[in-house]
Asks: 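Attaching a single structure in structure tokens format; questions to follow.
So that the names make sense, note that chain A is the first sequence line, chain B the second, and so on, each numbered from 1.
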Amino acid sequence: MEYKDYYKIMGVERKAKQDEIKRAYRKLARKYHPDVSKEKDAELKFKDLGEAYEVLKDPEKRTAYDQLGSNWKAQQDFRPPPDWGTGFEFRGAPQGGGAPDGFSDFFESLFGQARGPAGGSRGFHMHGEDHHAKILIELEDSYHGASRSISLRMPEVTPEGHVVTRNRTLKVKIPKGIRQGQQIRLGGQGAKGQGSGRAGDLFLEVEFNPHRYYHVEGADVYLDLPLAPWEAALGASVKVPTPSGAIDLKVPENSQAGKKLRLKGRGIPAKSPGDLYVVLQIVLPSVDDDKARELYQRMRDEVSFNPRATMEVA
Amino acid sequence: MMSNEKSGEKILIGQVLEDSDVITLADLCRSCTVKTETVTLLVSEGILEPVGGDKEHWQFRIGSLRRVKTAIHLQRDLGVNLAGAALALELLDQVAELKRMLEAVSSN
């Protein structure tokens, strides 16, 4: 198993005082807390941090850990010394402050045996806790329905009272018409019950991956459609992508930028289907050549148009 | 300790719940493994908003489940009190809202 450098994880020196350790923990916990953090690997870092703090905050565990010496390097292959644990008494299961779910093999080998069975599991029946996770899907999945795999790391208590982290991959049906914010409840996929208690459920909160073209509000889908000035002015029929496939859209004459064209029922195919809104945008060709310049100049000279007519300025 | 488990190719079919669907106080407590008193505290702190009048008939939106868990995790892991957790939750909501707006703007 790998040696873990708890001081390095906490970013403190080996001679750090207890209050420095607490300070470092609080600071890093705020940074990497999975409910708060947007950092990559936040969950893993938070777990390491919880483990490091579990050891370093407890003078007894810390002293024992220190006795391993400072020559170990993080990730170095580690075996506890044969006389390990003599003269120390590690009390109780980890509590408060830190990830309650499975600590590393390294931690278990040093401090694990001292833990009693968690929460008196014998002759005790309790309904398992529900678990919550997010599932990120594509907008198109909601249009067509799909099945998606989701990987979850779940803490689990073994009959001996050890907490282990299980990696689970579940394949989940994404029903057609699902919307952001809805939840998919998978019965019995949460934490196992204790004794004859029923397992908890798994709630998956649905979220769409950001899309290049579309954004979604409820069951309605919005698309910004770039148009050339003459398409907007003269009207045109243009090819437009929609999540259910390309369509031909008729742009009416004299369309202004920002105008919304509603395609009824082409939003998310929910029970009451949403609409697809095409929001027109006018993109001007830049004056890169003489021809374009000449045409703009002709419009300036020959078209009577004051876009600031309502602003009462000369 | 890690172990891997693959549930084969079986496709799980779940029940779709609206964010606005409600559950009872008892279900909320069971789902999040918290005591009634904790829920009462969360309500008095404004973290949770019950629907349906007096305490005997309290119901909570499905969307509250995550909120309860986050509040409890923040309290446990960061050493903040419930008021602090409430503030963090509100700020997190704001961050999520801003992110959503930013995405809507940058997809233009």
Asks: If I take atom CG from residue A:Asp35 and atom CG from residue B:Asp77, how far apart are they, to the nearest 0.5 angstrom?
Replies: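 If I round to the nearest 0.5 Å, the distance is 8.0 Å.
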
Asks: Counting only non-hydrogen atoms closer than 4.5 Å, can you tell me which residues of residues 28-36 of chain B sit against chain A?
Replies: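 So far as heavy atoms go, B:Arg30, B:Ser31, B:Cys32, B:Thr33 are the residues that approach chain A to under 4.5 Å.
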
Asks: Find out whether B:Glu18 and A:Arg179 are in side-chain contact, i.e. whether some heavy atom of one side chain is under 4.5 Å from a heavy atom of the other.
Replies: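 The answer is yes, as the side chains (C-beta and beyond) meet within the 4.5 Å cut-off.
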
Asks: Report the option among A:Gln183, A:Lys173, A:Glu205, A:Arg148 that has the most heavy-atom pairs separated by less than 4.5 Å from atoms of chain B.
Replies: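 That would be A:Gln183.
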
Asks: Do you know which two heavy atoms are closest between A:Ile184 and B:Gly14, and how far apart they sit?
Replies: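 Residues A:Ile184 and B:Gly14, closest heavy atoms: CG2-CA, 3.7 Å.
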
Asks: Which bit of A:Ala133 is near chain B, if near means a heavy-atom gap under 4.5 Å: side chain, backbone, both or neither?
Replies: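 When you check distances to chain B, only backbone atoms of A:Ala133 fall under 4.5 Å.
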
Asks: Does some side-chain heavy atom of A:Glu217 sit less than 4.5 Å from a side-chain heavy atom of B:Arg100?
Replies: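 Of all side-chain heavy-atom pairs linking A:Glu217 with B:Arg100, at least one is under 4.5 Å.
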
Asks: Over all heavy atoms of both residues, which pair between B:Lys69 and A:His131 is shortest? Give the atoms and the distance, please.
Replies: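 Smallest heavy-atom distance, with atoms named: NZ-CA, 4.0 Å.
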
Asks: Which bit of B:Ile62 is near chain A, if near means a heavy-atom gap under 4.5 Å: side chain, backbone, both or neither?
Replies: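 For B:Ile62, the contact with chain A is made by backbone and side chain together.
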
Asks: Search all heavy atoms of A:Val36 against all heavy atoms of B:Leu92 and return the closest pair with its distance.
Replies: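 Distance-wise, the nearest heavy atoms are CA-CD2, 3.9 Å.
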
Asks: Under 4.5 Å from any heavy atom of chain B, what part of A:Ile178 do you find: side chain, backbone, both or neither?
Replies: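 Side chain only.
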
Asks: Is A:Tyr222 close to chain B through its backbone or its side chain, or both, or neither, when contacts mean heavy atoms under 4.5 Å?
Replies: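 The answer is neither part of A:Tyr222.
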
Asks: Measuring from B:Leu78:CG to A:Lys27:NZ, what's the distance to the nearest 0.5 Å?
Replies: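 One gets 14.5 Å once the value is rounded to the nearest 0.5 Å.
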
Asks: Select, from A:Leu202, A:Val172, A:Val279, A:Val216, the one with the greatest count of heavy-atom pairs under 4.5 Å involving chain B.
Replies: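 Of A:Leu202, A:Val172, A:Val279, A:Val216, A:Val172 has the most heavy-atom pairs under 4.5 Å with chain B.
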
Asks: Would the number of heavy atoms belonging to other residues, nucleotides or ligands and lying under 6.0 Å from NE2 of A:His144 be above 12?
Replies: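 Yes, because the 6.0 Å sphere around NE2 of A:His144 holds more than 12 heavy atoms from other groups.
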
Asks: Nearest 0.5 Å, what's the NE2-CZ distance between A:His132 and B:Arg67?
Replies: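 So the NE2 of A:His132 and the CZ of B:Arg67 are separated by 13.5 Å.
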
